[in-house]
Amino acid sequence: FIYIFNTMATTGQAGVPIKLLHEGEGLVVIVSLKTGEEYRGTLVEAEDTMNCQLQNVTFTARDGRITKLEQIYLRGGQIKFIVLPDNLKQSPIFKKVQQLSKQKRERELAAANNRSVKKLKKK
């Protein structure tokens, strides 16, 4: 599964994960809210703010009760994360996410190596 965490509150801008979310429209997803509730259904529409409309929904309450809903609109600010199906790994935008992640790790590793070299030169 592919997880998309709600980072809108921390970054204030839509990025590659939001584009990947749009790729998931028409597919079955799981949306987990900050309250612990979960919704599983077909993603009809997703907005850049992570507001999502689902249909044919199975709602699981915090206490484990399960309820069937025809449709629901979830506010993006209440979403903790969204689970997308594995077949999106073939999406071109997902490949871009992997590339950006690799570049970030390489930058972090280079920065850590530079700090180590500076410490060695001071000694």
Side-chain angles (χ1 to χ4, degrees):
F1 293 101
I2 303 168
Y3 292 86
I4 296 180
F5 290 90
N6 190 348
T7 59
M8 290 296 292
T10 57
T11 64
Q13 56 185 322
V16 176
I18 299 301
K19 293 177 185 174
L20 186 61
L21 177 61
H22 287 297
E23 293 278 329
E25 292 176 353
L27 302 175
V28 175
V29 300
I30 300 170
V31 180
S32 180
L33 300 186
K34 294 175 181 177
T35 59
E37 300 169 335
E38 284 192 356
Y39 296 84
R40 182 183 188 278
T42 304
L43 181 60
V44 176
E45 182 182 10
E47 300 173 11
D48 288 351
T49 57
M50 289 186 73
N51 294 340
C52 295
Q53 181 182 354
L54 304 176
Q55 67 183 14
N56 302 322
V57 180
T58 302
F59 165 68
T60 305
R62 287 176 36 179
D63 62 6
R65 285 180 296 135
I66 296 175
T67 307
K68 298 282 187 181
L69 305 168
E70 193 172 313
Q71 63 181 351
I72 192 161
Y73 184 83
L74 300 171
R75 192 162 173 230
Q78 297 302 312
I79 295 173
K80 185 175 183 179
F81 64 87
I82 300 174
V83 182
L84 298 171
D86 279 338
N87 61 351
L88 280 180
K89 287 184 179 179
Q90 306 306 318
S91 170
I93 198 70
F94 187 73
K95 292 180 192 236
K96 185 173 183 177
V97 169
Q98 290 175 319
Q99 180 183 7
L100 291 172
S101 178
K102 181 181 176 185
Q103 289 172 352
K104 181 180 177 186
R105 282 192 307 271
E106 289 171 351
R107 283 193 308 270
E108 289 172 349
L109 183 59
N113 286 339
N114 286 340
R115 286 190 298 270
S116 296
V117 169
K118 287 179 182 178
K119 285 181 182 179
L120 288 175
K121 287 181 180 179
K122 286 182 180 181
K123 290 182 178 182

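Computed from heavy atoms alone, side chains included, the values below leave out hydrogens, waters and symmetry copies.
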Peer 1: Just by distance, do the side chain of Asn56 and the backbone of Gly41 share a donor-acceptor pair under 3.5 Å?
Peer 2: no

Peer 1: What's the separation between atom CD in Glu106 and atom CD in Gln103, rounded to the nearest 0.5 Å?
Peer 2: 7.0 Å

Peer 1: Among the clusters formed by ILVMFWY side chains lying less than 4.5 Å apart, do Val31 and Val57 turn up in the same one?
Peer 2: yes

Peer 1: Measure the CZ-CD distance between Arg62 and Glu37 for me, rounded to the nearest 0.5 Å.
Peer 2: 7.5 Å

Peer 1: If I take atom CD from residue Glu38 and atom CD1 from residue Ile66, how far apart are they, to the nearest 0.5 angstrom?
Peer 2: 10.5 Å

Peer 1: Quick one, Lys80 and Leu33 - any side-chain contact, counting heavy atoms below 4.5 Å?
Peer 2: no

Peer 1: With the 4.5 Å side-chain cut-off for hydrophobic clustering, are Ile30 and Val28 part of the same group?
Peer 2: no

Peer 1: With respect to Gln53, which candidate in Leu43, Val44, Leu74 satisfies the side-chain contact (heavy atoms from CB on, under 4.5 Å) definition?
Peer 2: Val44

Peer 1: Run the numbers on Ile72 and Tyr39 for side chain to side chain contact (heavy atoms under 4.5 Å, CB included), then give the verdict.
Peer 2: CA-CA 9 Å; Ile72 192 161; Tyr39 296 84; 3.3 Å; yes

Peer 1: Taking the side chain as every heavy atom from C-beta outward, state whether Leu84 and Leu27 have any pair of such atoms under 4.5 Å apart.
Peer 2: no

Peer 1: Give a yes or no answer on whether the side chain of Glu25 reaches the backbone of Ala46 with a donor-acceptor pair at less than 3.5 Å.
Peer 2: yes

Peer 1: Report the distance from atom OG1 of Thr42 to atom CD of Gln71, rounding to the nearest 0.5 Å.
Peer 2: 11.5 Å

Peer 1: For the atom pair CG (Leu54) and CD (Glu45), what is the distance rounded to the nearest 0.5 Å?
Peer 2: 11.0 Å

Peer 1: Any chance you could lay out the side chain to side chain contact (heavy atoms under 4.5 Å, CB included) test for Arg75 and Thr49, step after step, and finish with the verdict?
Peer 2: CA-CA 8 Å; Arg75 192 162 173 230; Thr49 57; over 6 Å; no

Peer 1: Which atoms form the tightest heavy-atom contact between Cys52 and Ile79, and what is the distance?
Peer 2: SG-CD1, 4.1 Å

Peer 1: Looking at every heavy atom in both Gly76 and Asn51, which two are closest together, and how far apart are they?
Peer 2: N-OD1, 2.6 Å

